[in-house]
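Just below is one structure, and these are the notes that go with it.
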Amino acid sequence: MCGCKINIFEYNLNMHLKTAFIILLSCHSVLSQITEDFSDGNFTDNPSWNGTMSDYFVNSDLALQLNNSIATTSYLSIENNLNNSNDNEWRFWVKQSFSPSSANFGRIFLTSDNEDLSNCQNGFYIQLGESGSNDAIRLFKMSDGNSTLLCAGSDGQIATSFEVNIKITRAINGDWKLFCDLTGGTNFVLLSTANDTSPLSNNYSGILSTYTISNANKFYYDDIYIGIEEIDETPPSCLDATVVSATEIDIQFNEPLEQLSAEDVSNYTLAPSLSIFQVNLDENNSSIVHLSLAEPMSNGAEYTLSIENIEDLEGNSSLLQSFEVSYLIGETPEIGDVILTEVFPDPSPSVGLPSVEFIEIFNTSNKIFDLSEWKIEDASSYGTIQDGWLLPNSYGVLTATANIDSFQSSYPVTSFPSLNNTGDSIKLYSSNGTLLDMVNYTDDWYQDESKASGGYTIERINLIDPCSDALNWSASNAVNGGTPGNQNSIFDNTEDIEPPQILNTLALNPNYLQVEFNEGIDSNSLIDLTFNTEPILTIANTYIESAYANGLIFSFNENLIPSQTYSFSLSNIRDC
């Protein structure tokens, strides 16, 4: 019982009498509704339930759970304080982790003439489970022990294990509405309606569980409300917009929508201007809207979707909302479309960067790539990029999944390779197995012994130079040791227009000549090689270590004569 103590003074009697009335009225309002989420860890106090108390407990998730070891029927009931002069509402979250049957089912009693719900003769209840496979959420009226179906959801909706949130409303004029969120959330969808003007003359509400031994702990209840109908005065809000295809966008709202306004094309705009020719409310979930575009979105382009004047079932109209959306489809990469641009094999001791190994990549093309299932490999193992999009002219940082929050523009890699400090071979493959780029670094690539001891990355200098040898890499000059996700500190994209130059030569006994160049050369150019010597030597074979090595070796059919001076000329040798 709610008690209110009021002191009334003679000099302002009327005002204090009015105060007393308001406070007493407030106490009555508290008594007229029941809210229970079991967050206090019990169901014996505030509010207090009655019934087969030992058959239930509040579990670690703070939900009410059946807990028995025999086959029987259990129940909990509570005095509901409902009356016929109000629009009333009931809400129950229910989970039954089994397939219902005639021996395993639940009932939610909206009203009952008996505190012992198993002996109810008059009232209203929701049935959750039945024989066969047509199990539906059904609303019944019970009169003198006989049940009459008022309305129901679709057959089969709860034929297997389920977790649902149910809402029932009854208006003063006898209009009943049955709502449900079949995912267990609060996005209630209207299942069915009925009209029955029978008075709510019964005093109890509650839950009843009938079960066999195998299901004696598989009933769960939470988030219970019994009282005056809570009127929704909040306009619907768009939660998310998902691009399904180049011509389809799905919009998720936070509650069911009124169909006419939801399917009004004029309530949606897409800029830069794309025509929306059709809007459909989802057949199974009226909180989802499907937009169909008259023309496709461009791959990678960003659009602004604006939404307004969408009404919910209570007639509340949505305010203007805008979302940035884009259509992305992965294109097929070719060698060189994505390159390796920075490596962090020795993060300790740190000079500013997180002590986490990473490999940076860069999209040199105008294509969009889905990095899912791409591989990053070193000399002994490989990792798989889980997901992510790499847009044109943008960087990405590959690192272990556990370190994904260490860098911006990072992509999670399962089994990220452990990079060797002194040197390693790194290869990047697309999901179809195409080798896109490779780097064979050593600690000499730092070109600074003090930085080779740890904390600094090795950065690529020229991103348009296809050569990935030591001449195009050096230690980072960044104060924190590197530039993950950003342009490299030693970046220089000056175009190389100089041909390769011979640095030195070495005659090797008995018939070999080693030639070293100032940069990597294109092994394919050896096909067009012109070689002349004096005295004459004829080439038997030409050897090159890799596609862009900076040296090659000739073997001749003739042996070289000691102390003999040879002169030679090379032409048509190209760099990378």
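Being a predicted model, the structure only gives us computed values, none of them experimental.
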Tyr441 vs Asp424, test: side-chain contact (heavy atoms from CB on, under 4.5 Å). Steps then yes/no.
CA-CA 6 Å; Tyr441 71 87; Asp424 214 333; 3.3 Å; yes

Could you go step by step and tell me if Tyr268 and Ile251 meet the side-chain contact (heavy atoms from CB on, under 4.5 Å) rule?
CA-CA 11 Å; Tyr268 310 86; Ile251 305 174; 3.8 Å; yes

Is the shortest side-chain heavy-atom distance between [X] and [Y] below 4.5 Å?
X: Tyr211; Y: Asp55; result: yes
X: Pro484; Y: Leu353; result: yes
X: Gln157; Y: Val164; result: no
X: Phe344; Y: Asp346; result: no
X: Leu257; Y: Pro236; result: yes
X: Ser209; Y: Tyr56; result: yes
X: Ile126; Y: Leu178; result: yes
X: Ile359; Y: Leu419; result: yes

More than 12 heavy atoms of other residues, nucleotides or ligands under 6.0 Å from OH of Tyr382: yes or no?
no

Is it the case that over 12 heavy atoms from other parts of the model lie below 6.0 angstrom from the CD atom of Glu283?
no

Locate the shortest heavy-atom distance separating [X] from [Y]; write the atom from each residue and the value.
X: Arg574; Y: Pro500; result: C-CG, 4.1 Å
X: Leu239; Y: Phe253; result: CD1-O, 3.8 Å
X: Val413; Y: Ile385; result: CG2-CG1, 4.0 Å
X: Gln386; Y: Thr401; result: NE2-OG1, 2.6 Å
X: Val325; Y: Ala241; result: CG1-CB, 3.9 Å
X: Trp389; Y: Ile329; result: CZ3-C, 3.5 Å

Side chains of [X] and [Y]: is there a donor and an acceptor less than 3.5 Å apart?
X: Tyr220; Y: Asp61; result: no
X: Asn488; Y: Thr483; result: yes
X: Glu459; Y: Ser489; result: yes
X: Asn104; Y: Thr212; result: yes
X: Ser287; Y: Asn285; result: yes
X: Ser372; Y: Asp387; result: no
X: Tyr456; Y: Ser450; result: no

Please name all residues satisfying ring-ring contact (aromatic ring centres under 6.0 Å, His included) with [X], sequence neighbours left out, ordered by chain then number.
X: Tyr446; answer: none
X: Trp445; answer: Trp473
X: Phe362; answer: Tyr395
X: Phe407; answer: Phe358

Sequence neighbours left out, what pairs pass side-chain hydrogen bond (donor to acceptor under 3.5 Å, both in side chains) with at least one residue falling in residues 270-280?
Gln278-Asn280

Quick one, Trp374 with Tyr411, criterion ring pair (Phe, Tyr, Trp, His ring centres under 6.0 Å). Give me CA distance, side-chain angles, the key distance, then yes/no.
CA-CA 11 Å; Trp374 284 28; Tyr411 300 88; 9.5 Å; no

What residues, two or more places apart in sequence or in another chain, satisfy side-chain contact (heavy atoms from CB on, under 4.5 Å) together with Ser306?
Thr269, Thr304, Leu320, Ser322

Quick one: side-chain contact (heavy atoms from CB on, under 4.5 Å) partners of Asn432, sequence neighbours excluded?
Thr332, Ser430, Thr434

Step by step, would you call Phe57 with Phe43 a ring pair (Phe, Tyr, Trp, His ring centres under 6.0 Å)?
CA-CA 8 Å; Phe57 79 110; Phe43 54 93; 9.1 Å; no

Asp37/Asp222 under side-chain contact (heavy atoms from CB on, under 4.5 Å): CA gap, chis, key distance, verdict
CA-CA 5 Å; Asp37 61 7; Asp222 205 351; 3.9 Å; yes

Could you tell me the separation between the [atom1] atom of [X] and the [atom2] atom of [Y], rounded to the nearest 0.5 Å?
X: Gln501; Y: Glu516; atom1: CD; atom2: CD; value: 13.0 Å
X: Thr35; Y: Asn46; atom1: OG1; atom2: CG; value: 10.0 Å
X: Asn486; Y: Thr341; atom1: CG; atom2: OG1; value: 10.5 Å

Taking only residues two or more places apart in sequence, or in another chain, which ones meet [X] in a salt bridge (charged side-chain N to carboxylate O under 4.0 Å, His left out)?
X: Asp40; result: none
X: Lys367; result: Asp337
X: Glu230; result: Arg91

Ring-face cation contact, Tyr429 with Lys375, 6.0 Å cut, 45° max
no

Contact list for residues 435-447, test salt bridge (charged side-chain N to carboxylate O under 4.0 Å, His left out), sequence neighbours left out:
Asp437-Arg460

Output every pair passing salt bridge (charged side-chain N to carboxylate O under 4.0 Å, His left out) with a member in residues 446-458, not counting sequence neighbours, ordered by first then second residue.
none

Check: Ser350 main-chain N/O paired with Ser348 side-chain donor or acceptor under 3.5 Å:
no

Using the side chain to side chain donor-acceptor pair (under 3.5 Å) rule, take Asp181 and Thr183 through it: C-alpha gap first, then chi angles, then the decisive distance, then the call.
CA-CA 5 Å; Asp181 185 334; Thr183 68; 2.6 Å; yes

Please report the C-alpha distance between Asn299 and Glu331 in whole Å, then the side-chain angles of each, then the deciding distance to 0.1 Å, and finally whether the side-chain contact (heavy atoms from CB on, under 4.5 Å) criterion is met.
CA-CA 10 Å; Asn299 193 20; Glu331 300 176 75; 3.6 Å; yes

Tested for side chain to side chain contact (heavy atoms under 4.5 Å, CB included) against Leu64, the lone hit among Ile224, Asn42, Ile207, Asn59 is Ile207

Asn267: which of Ile307, Ile310, Ile276 passes side chain to side chain contact (heavy atoms under 4.5 Å, CB included):
Ile310

